[in-house]
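Quick notes on the structure that follows.
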Amino acid sequence: MHYEGNIIRPPSEANSILLQVTVGCSRNKCTFCGTYQGERFRIKPDDVIKADIAFAAQYCRRQRRVFLCDGDALIIPQKRLLNILTRIEKELPWVTRVGAYANVKSLKMKTLDELKALKTQGLGIVYLGMETGDDVTLKNINKGTTAADMIPMGRKAMEAGFKLSITVLLGIAGRERSHIHAKETGRVLSEIDPDYVGALSLMLIPGTPLYADHESGKFPLLIPDELLEELKTMIAHTNLSKGLFHANHASNYLPIKARMPRDKESTLKLIDEALAGRVSLKPEWLRAL
Ligand code: SF4
């Protein structure tokens, strides 16, 4: 397979065929993100993508899922993206689901009918990096969107028939806005009502603007108990009809897997137990991005 730069994928796509159809991220301005630093966003040439699908047809016959890398495959023009999905269906008939990252901009650029056509052609799940529902924090981290934009775009993805997985970031608002970030994120998640929520804990990446702010004393990193309080407030304010709320990423101190609304109260109790020191937290050296 032909890969350029950093290849990342959601944890749930660990066993998927990683088909890189774009390089970098169409935004590439979020202050905490170092994934595609210095990388100019581009769509890979069709012949390279075709060759990779042909390679997968020969050597990836046991993998049932495909993940379209990099940062924002949904931004590919409709006809080209449909052609990629059609080729995957034709050449990798054993594949049961295709996934991709999405963002508010790419969801806005496609009509509901276009998204439905992508769903029909095999795109089954989209992953949306929301980070926070707090508008002040969204501005501070230069996410380029607002809660009022994210809610209809998240709902649009679900109306198109995609499974929707949303990532939020504990600690991203710093200390002063921690509580507001938690409450607003819970509110926006509740309004979208996605299938999956993944909460990660912020880890600073050298070279990013947020790292520099931390070094100069402008941005504080929360201590584990503060992150737990934030997670507790977020979960308390999140009302999902049937979604999974996971905080079991390697960056988190307390692994959580909750089916909402069934496990909400027991999860809040577990966090209280951890805050009281009766449940041990992951040691710092075991945390990773
Ligand atoms: S956080 Fe996501 S949208 Fe922001 S720069 Fe990184 S990959 Fe792009």
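When a residue number appears, it is its place in the shown sequence, counting from 1. Indexing begins at 1, ligand by ligand and atom by atom, following the structure's order.
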Side-chain heavy-atom pair M130, L189 within 4.5 angstrom cut-off: yes

Nearest-contact summary for atom 2 (Fe) of ligand 1 - protein heavy atom, Å: K143 NZ, 4.0 Å

C25 near atom 8 (Fe) of ligand 1: N/O/S under 2.8 Å: yes

Backbone N/O of R175 and side chain of E226: donor-acceptor pair under 3.5 Å: no

Residue pair N239, K264: steps toward the side-chain hydrogen bond (donor to acceptor under 3.5 Å, both in side chains) verdict: CA-CA 9 Å; N239 296 306; K264 183 167 174 167; 2.8 Å; yes

salt_bridge(R42, E39) N-O dist < 4.0 Å: yes

Residue K282 excluded, over 12 heavy atoms near NZ under 6.0 Å: yes

K29 neighbourhood, listing ligand 1 atoms whose heavy-atom distance to it stays under 4.0 Å: 5 (S)

C33 backbone or side-chain N/O/S under 2.8 Å from atom 4 (Fe) of ligand 1: no

Heavy-atom donor-acceptor pair, E114 side chain to T111 backbone, under 3.5 Å: yes

Y101 and ligand 1 - part of the residue with a heavy-atom distance under 4.0 Å: neither

Atom indices of ligand 1 within 4.0 angstrom of N28 heavy atoms, with elements: 5 (S), 8 (Fe)

Identity and distance of the protein heavy atom lying nearest atom 4 (Fe) of ligand 1: C30 SG, 2.3 Å

